[in-house]
Asker: 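Below is the structure I would like to discuss, written out as structure tokens.
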Amino acid sequence: MDLYLLSPEISLLATALAVILLDLFVKEKWILGWVSVTGVIVSAIFALSLWGRVETSFGGALAVDQFSIFFSLLFLGIAALILISSTEYSRKFAAFRAEYYALVLLATTGMMLLASTRELISIFVALELTGISLYVLAGFLKDAKSSEAGLKYLLLGAVASAVLLYGMALVYGLTGTTYLDEIAAAISSQGILGSPALLMGIVLLVAGFGFKIAAVPFQMWVPDVYEGAPTPVTAYLSVASKAAGFAVILRIFYEALGPASLDWGMIFAVLAAITMTIGNIVALTQKNIKRMLAYSSIAQAGYIMIGLAAFTAEASSAIMFFLACYALTNLGAFIAIIAISNKINSDEIADYSGMVRRAPLFALALALCLISLTGIPPTAGFMAKIYIFSAGVNADLLWLVIIAVINSVISAYYYLRVVRVMFLGEPLSEERVHASSGLRIALAITCLGVLLLGIYPWILMKYSEIAAITFLP
Amino acid sequence: MAVGLEHFLVLSAVLFAIGLYGVLAKRNAVVILMSIEIMLTAVNIAMVAFSRYGQFITGQVFVIFIMVVAAAEVAVGLALIIAIYRSKKTVDSEKFDLMKW
Amino acid sequence: MGMDIAFWILAVVSVASALAVVLTRDLFRAALFLVLCFFTVAGIYATLSADFLAGAQVLIYVGAIGVFIIFAIMLTRDSRQGSPSGRLRLPALFIGFLFLATMIFALVNTDWNVVAEVPTESTTSAIAHAIFSEDGFVLAFEIAAALMLAAIIGAIVLVRDK
Amino acid sequence: MEFPYLSAIIFLPVIGAIIIALLPGANPRRIKLTAALFTAVSFALSLALFAMFDRSIDGPQFVEQFSWIPAFNVQYFLGVDGLSLPLVLLTTFIGFLAVLISWKVDLRIKEYFAWLLLLEMGILGVFCSLDLILFFIFWEVELIPMYMLISIWGTGRKEYSAIKFVLYTLFGSAFMLAGILLLYLQAGTFDMIVLAGMGLDSILSSMMAGGIFFLIIVAYAIKLPIVPFHTWLPDAHTDAPTAVSVVLAGVLLKMGGYGMIRVSVSIFPETAERYALLFVVIAVIGVIYGAALTLRQTDLKKLIAYSSVSHMGFVLLGIFALSEVSMTGAVLQMVSHGVITGLLFAMVGLVYYKTHERSIPRLGGLVRQMPVIAVVFSIAGFAALGLPGTSGFAAEAITFVGSYGSTIVSGIEIYTILAITGVVFSAGYILWMLRRVFYGPPWDEYNGVPDADRLEKVYIFAFVAVIMLIGLYPVIFTNVIKMGIQPIVGMING
Amino acid sequence: MPNIAVWAIFLLPFLSFLIIGLILRPFFNNRPMLSAYTTIIAIAGSLILSIWALIAVNGAENHVLTDVSYQWLSIGDLVINIGITMDSLAAIMVVTVSTISLLVQIYSIGYMKGDGGFARYFAFMSLFTGSMLGLVMANNLLFLFLFWEGVGLCSYLLIGFWFHKPSAARAAMKAFLVTRIGDFGFLVAVIFLYVKTGTFDIGELHELALAGVLGGTTLTLAAIGIFSGAVGKSGQFPLHTWLPDAMEGPTPVSALIHAATMVTAGVYLIARMFPMIASSETAITVVAIIGGFTAIFAASMGLVATDIKRVLAFSTISQLGYMMLGMGAVGMGYASGAIDEHHAMALGVAVAIFHLFTHAFFKALLFLGSGSVSHATGTFDMRKMGGLRKIQPWTYATFLIGSLSLAGIWPLAGFWSKEGILHEANAYAPVLFWLAMITVFMTAFYMFRAVFLTFHGEYRGGEEGSHGHGLHESPKIIIIPLVILAVFAVIAGWLPVGDFLGADVHFSFFGALTSWLAWVSLIFGFAGILLAYAIYGRKLLSAESIGKSLGPIYTLLIRKYFIDELYERIFLMRFLVDGVFVVLGWIDAHIVDGAVNGVAMVTMTGGKVMRRLETGQLQVYGLAIFVGILAIVAFLFMFN
């Protein structure tokens, strides 16, 4: 049992505790934010130091491999950006800033564990760690909308957990173990394949995780929660929580349920098609930008699910790459929205009219991110899409890829509508929109990332390839 | 017919379905939370039954963790219900529709 | 045989009390029936030779969760409302039945790998060993600790006034 | 390593755009001069390339090839051959003139020129790429500048037109992407040169080859455009600002024709042959249908836009007649149409700029007020209707001769003859338009409307010079173009 | 004679065009005369070179001075050459064209004096002359087509010279469009021939045709295609409608382009292609029939026209029909085997070109004369003229000579050339011969109707002279070309054009009168003159009452057989513009574009419906989860 393998998680947990404790002693609350960021960075350094090691610990429950480190670093990066960009927004949390930072750190810990555990019980608990932190964060503003978002999230999340657990119970009952590798071995050796209980278990697992990644029809909480939650939390939810969901799905389905891929591959393919279509079509009609991005995130989940359906090493690499690009892009968009909404106190798209003249850089950045989400080069979003579509085609999912590319076309309409409003509309006031340096730094990082990955994706892709190879059987 | 694994599994399914009905049909948020607890308990029964009939202790361990998680969830859930009650003066789930469409 | 009878009684009572929870219009009664349901489930654990769990069930569910819920009911008491059913009663019933049928179909039609004999030892030490041994579920335990921390922080944040 | 000419040509406009964006203040003159400078250098470089091009060897020249995304074997692979070089030259030429044409833009100048230069970059990239993914990237890059340019600086229903253009193009490229990826799955490379040399028609089943072929060609069909995918074009052309209409009609449409030859026909010559009849018939329908619709337009820009639909039918006919002569003619027609229609749109822009009127019934007798514009407009018009001595005739005649003599499709003689009727139609609408706009008694309301000024004369005469040059001595281009076409045709016959 | 000098024949006027267009017009616009002088010098140069060429050809072997080609373009198996030939046919043509052009330019100095577009006028005239000379010298169909369209362009530009007149602008457009319909056939034929034979070279095509390599349907189709180009350009039925309207242009333009030269390009084309076209019996018969029909058809419309230029225009169409008829008749003779190949090839060309040659002079003379009349009266409407004989004696005299020549009165030029055609028609196409005879009568009638209406009787008002100083004889610069042309109108028929073209025709000056045919045609001619005299000279018969008694026929003629209406109102406006195009427009807007917008709308509506599912009710969301689970189960059930 090598605790060093857990060092990233432990350091993050320690930071969370430290922030809570520090809160009791310091007056300058802004310090807390930077302490958290420092903690994230320390954790990232630990994670980086583990790169290259492929080891298991805790009796096989914990796996430290390139896959988990890739995701850990992704979550840490997201967390860092969220923390940086919350510095200004977190004034709204009044006395609870420390708790906010601590919960973000705890949620991140949970996600990192999700990517590295290989045992159902640990996975479940890690999932709930993330979940509970996020429920609280969603309701953090404690006003009517935020509480409602938090409660909806929690109740539906709990139902989804119950469903997920039922699925896990069935799998456990069939195989007698909760370790993923043993489950895979049991399924392929004991003639469990094709039994109704296994199918039912798979369906329940799909539903439970589908909830996390916002696959239709388990996505309905998403728009409400995204709209009601504090904007940085929404940003966090939309990228980190989704990425965590995919990480754990990759773990469970690729690793444990690999032998049954014929069944769940088909399910994911169909869900992917429905998810992206519904996400995009409904997004067309949205007037609130957070809500629109919620539907957009549903649609993006649909694209990523192509990779799940494909079940190849290339596909898992593509998923990882896509998640990273999507994280950068969506975060960039949300950071710009945070900056703008800090000033104009509105999330209505109509209120963004003429924003290019009030906040040229933010508007341009938001436009860039939206273009990336559409998947137009030279942006990260384009490379991500091409990669995952390529993986889809290589796995004989041409029909799904065609649906996906048509969906991209639909999505262009609503993404560009925002761009249009910002660039073409008359500004509602002449007041310039300024933002804190934290927001600007975060925005600069994301936008440069989006462009860099759009122009030279190989710098990241080579790592996602390695990560994919290390964990796939 | 002697009581066997199937009996317990069916019992768990029935309880799960009842909980499900409660979640979907009751308007009071607290009752919804209660129904969720019934669902979790139903899963626990299945876990324990598998544990008993498969001779693996893991199931019981799992149940312990589920209980812990359920407790935590209930705590946070009730806290949220109280928070929402403060701002809306109701816990009727059908009134929670500030955000839609 | 005695076990069988116990099972049937407990099963019927637990189902009945669960039904009462979701059917009654009185909040307090619902809470009490829930507690009853949890008790009978503890009994079922006992019939499954899971003695430790039976105890834990009583402690955690009946003790902690039950009390929590009653507190919450008192705090959010809405006397006029009670515990009515919503608009989705019929669809919920329909879906519930379909789901149940599907589950039962799947469960009954599966060839479970069953070992018939009753375990003799107490499960408590086995559980302890499973959790805390070198290659046991320590990791899950540690994560659970973090989870409790999160829950506590969350509950405090949410309940405390601004 | 030799100087990366192509990268320089492609990315000079980008550098220009960045410099424009970063220029402090909003001194319009400085912005315009910067834009003009960078496009002019790019043009000069491509002229140099044209001069240095070795007209005796097949295959791409000035190649730049590096591995770019090893994960799926994507290369940064640029090169020009006889097929692409004239189009590169055309693009830089029109790109430079577009800057001059835009000289009078006074709304958000900085953004305007930055987008315009980025647009040029995208188009150039398409013509220079020899890797399918790189090609696709450039293909899409052009969308956003175009969207911005139309929707901010356009007129009329500009937002509708802009989004229609973007969605339509994206729709096509969506299928192209699927096709490219499927092609990659089958062939394992995105390298166009390698793909073209593989003989995929015989390796793949005819179902698969046909499937990929049609997936890919949808994008080009929309871009060219062929009937019935043309309805974005009148809207986009009509509502775009002048310079953008010039670029759109001048070079953007050519991406479609270029793609058909470079990708569809080169990689799947036999499949192209199998479906040639279909495309030939569509081409003929396009020519006649487009011309008939042109005849009823009363908006100057719309009229020219619809005429493009008709003229692009000739390109399609030439391509799918699949003979060396016809394809050379088609490429020459692309170049020629680029210059002619570019000039026509520039002239419409001038008329509109000076009279604030585009509706033909509300114009008349303008030759008195603006003789130079009238003369140049007439020259452009006569070139468009294919008068010998202008590029229009040279290109169309070569296309017709090639198509008529093609043996790919039985009965192609009839289709060619039907297509030639388009020439009669085009005379109809061009002359009708000239008569209504310029002839007849001068109108009092346009008294005092100025003629072209010096700058305007510079660029319109530049266009005229090129039209006449190609018309009188098309060999300059055909000698280059045929070097690009020969290997492709060799595969069809061989 | 050096090749360069031959090239210079047509390049000189082009040079003049470029000088005027690029230098004089932009920079010396205040010295318009410079343009006129440039043009005249250039054309005079062409004339001198042409005459030199004519003499040189006469002395050359086979009567071919030059026949050179240069490669212009080569793609794959397509090789396009440009090249010129200077043989007897081309020599005759270049001399004719440059002579008349020169005279017309000189005349124009007077006629166009003070016009705002003076320089432009001469630029276009230079361009035209260059194109026309190039056209007749081209030895290659594609190169020929280049000039063919070039003269069409000039015609367009010059008809619409006074562009501010809506009628002129309209006529210009009509001319271009109608001829383009013919050109369409021509272009198709050129391409067709190239694809079948691999050459554009006229000489090679002839060899192939005569050798029988090129024959059958291929040849017939190609020949008819080429003929359709000629029909358009030479105003033959059914594409004749543009030519009367083309009179909107300045009168010298009408004289040069729409009488003497450009419109004869169609005849020239058939002559140039004669060996090939005559090799197809069907094609050459079509040529003969169209020619013969057009001759009488156009003449009949000339009977009632009131605009003097239109009378002349109809006459031109009619005479061009004659020329076609001549070639057609010889061709039919060849096809039936009555004439041997060698003789037929020369004879067909000779009869037509001889008439073309004489016609060029007297028709140019007549047009310029009408211009002179209008110079005085300011109108072309004969109803407003009369009695000008005394005021414009020179004009009258020359006009009379032209009319007599046109009427084919011995021994004027028209007699000889017309006689040649009638002779061949009588021999090989008897029906058409009688049509032609009637045409002779009509021609004489309408010409002398014009003479009497214009120059005899009393002056019937009209506006004041266009130059505002009363009725007067035209200045010398106008009269001198008239006189020169009049001389040619007399003597042109005496020149051995036929022999020069290699045909074995021998009409002795008096010997011609020994044939019965000559007498019949003279009788028809004089009958026409007499009838005109009776009606319009002595007014023995009332024109009005004749018109009334022949009511429907009169209407038919004055409305030009309603063909303009048929083309423009019914076919163009009713059928195409208001019919087909409207339908297509509707389809484009509502079906093609409608489908696009429809897809967008359906998607959007889908979004609006779907978002309604998002009710905000958390239990609906919960329900959806389980519905989803059950749906997946059902899906799997079906899938397995």
Side-chain angles (χ1 to χ4, degrees), chain A residues 1 6 9-10 13 16-17 20 57-62 93-96 98-100 102-103 106-107 109-110 113 117 119 121-126 128-133 135-137 139-140 142 147 150 166 170 173-176 178 186 190-192 195-201 203-204, chain C residues 18 22 48 50 53 65 68-69 72 76 86 88 91-92 95-96 98-115 119 127 129-162:
Chain A
M1 194 154 80
L6 261 185
E9 288 84 354
I10 291 172
L13 201 57
L17 282 168
I20 297 275
S57 182
F58 295 100
L62 181 77
F93 305 143
F96 299 113
E99 285 81 356
Y100 170 79
L103 282 171
L106 283 169
T109 314
L113 286 165
T117 47
E119 189 270 330
I121 297 175
S122 308
I123 287 174
F124 172 69
V125 182
E128 286 301 316
L129 168 57
T130 315
I132 286 179
S133 311
Y135 304 150
V136 177
L137 285 171
F140 216 86
K142 295 197 279 182
S147 306
Y166 215 151
L170 292 179
L174 281 166
T175 61
T178 55
Q190 292 173 15
I192 299 168
S195 72
L198 181 66
L199 281 184
M200 200 61 209
V203 172
L204 294 175
Chain C
V22 300
L48 285 165
L53 279 186
I65 295 179
F68 266 165
I69 285 174
T76 64
L88 289 175
I95 291 296
L98 266 183
F99 185 78
L100 180 59
T102 317
M103 280 309 294
I104 290 176
F105 175 85
L107 294 169
V108 171
N109 282 298
T110 299
D111 209 6
W112 301 98
N113 198 5
V114 173
V115 180
I127 290 173
H129 186 261
I131 295 180
F132 296 110
S133 70
E134 180 72 3
D135 49 359
F137 299 97
V138 187
L139 181 61
F141 188 80
E142 288 175 6
I143 303 171
L147 181 138
M148 294 312 287
L149 175 65
I152 291 163
I153 296 173
I156 291 170
V157 169
L158 291 171
V159 176
R160 258 174 62 181
D161 269 322
K162 284 190 183 176

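Naming: A, B, ... by sequence-line order, numbering from 1 per chain.
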Asker: Please classify the contact of Y135(A) with chain C as side chain, backbone, both or neither, using a heavy-atom distance under 4.5 Å.
Answerer: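 No part of Y135(A) comes within 4.5 Å of chain C.
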
Asker: Could you tell me whether F141(C) atom CZ has more than 12 heavy atoms of other residues or ligands within 6.0 Å of it?
Answerer: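 Atom CZ in F141(C) is not packed in, count stays at 12 or less.
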
Asker: With a 4.5 angstrom heavy-atom cut-off, which part of L62(A) approaches chain C: side chain, backbone, both or neither?
Answerer: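 Answer is both: backbone and side chain atoms of L62(A) are under 4.5 Å from chain C.
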
Asker: Hey, which of D111(C), I156(C), L149(C) has the most heavy atom pairs under 4.5 Å with chain A?
Answerer: L149(C)

Asker: Considering non-hydrogen atoms only, spot the tightest contact between A197(A) and W112(C) and give its length.
Answerer: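 Smallest heavy-atom distance, with atoms named: CB-CH2, 3.6 Å.
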
Asker: Do you know which two heavy atoms are closest between L13(A) and A146(C), and how far apart they sit?
Answerer: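 That closest heavy-atom pairing would be CD1-CB, 3.8 Å.
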
Asker: List the atom of V125(A), the atom of L147(C), and the distance in Å for their closest heavy-atom pair.
Answerer: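 What the structure gives for the nearest pair is O-CD1, 3.6 Å.
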
Asker: Is L158(C) close to chain A through its backbone or its side chain, or both, or neither, when contacts mean heavy atoms under 4.5 Å?
Answerer: both

Asker: With only heavy atoms counted, which part of T109(A) is less than 4.5 Å from chain C, the side chain, the backbone, both or neither?
Answerer: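 Neither; nothing under 4.5 Å.
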
Asker: Compare all side-chain heavy atoms of L204(A) with those of M103(C) and state whether any distance is below 4.5 angstrom.
Answerer: yes

Asker: Could I get the full list of side-chain contact (heavy atoms from CB on, under 4.5 Å) partners for L98(C), not counting sequence neighbours?
Answerer: F94(C), L630(E)

Asker: Is chain C contacted by the side chain of L6(A), its backbone, both, or neither, given a heavy-atom distance below 4.5 Å?
Answerer: side chain

Asker: So, taking the atom named CG in L129(A) and the one named CD in E142(C), what distance separates them when rounded to the nearest 0.5 Å?
Answerer: 12.5 Å

Asker: Kindly indicate whether the side chain of S122(A), heavy atoms from C-beta on, has any atom under 4.5 Å from the side chain of I143(C).
Answerer: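 Heavy-atom side-chain distance check passes, below 4.5 Å.
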
Asker: Is it the backbone or the side chain of E99(A) that comes under 4.5 Å from a heavy atom of chain C, or both, or neither?
Answerer: both

Asker: Quick one: of V157(C), T102(C), L107(C), who has the most non-hydrogen atom pairs under 4.5 Å with chain A?
Answerer: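 So the answer, after comparing V157(C), T102(C), L107(C), is V157(C).
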
Asker: At a heavy-atom separation under 4.5 Å, does L17(A) approach chain C through its side chain, its backbone, both, or neither?
Answerer: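 Only the side chain of L17(A) comes within 4.5 Å of chain C.
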
Asker: Tell me, out of A150(C), A151(C), S133(C), who's got the most heavy-atom pairs with chain A below 4.5 Å.
Answerer: A150(C)

Asker: Which atom pair, heavy atoms only, marks the closest approach of I121(A) to A140(C)?
Answerer: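 Scanning both residues, the minimum pair turns out to be CG2-CB, 3.7 Å.
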
Asker: Taking only residues two or more places apart in sequence, or in another chain, which ones meet A102(A) in a side-chain contact (heavy atoms from CB on, under 4.5 Å)?
Answerer: A16(A), I20(A), I153(C)

Asker: Go through the atoms of L174(A) and report whether side chain, backbone, both or neither lie under 4.5 Å from a heavy atom of chain C.
Answerer: both

Asker: Should M200(A) and T110(C) count as side-chain neighbours, where that means a heavy-atom distance under 4.5 Å?
Answerer: no

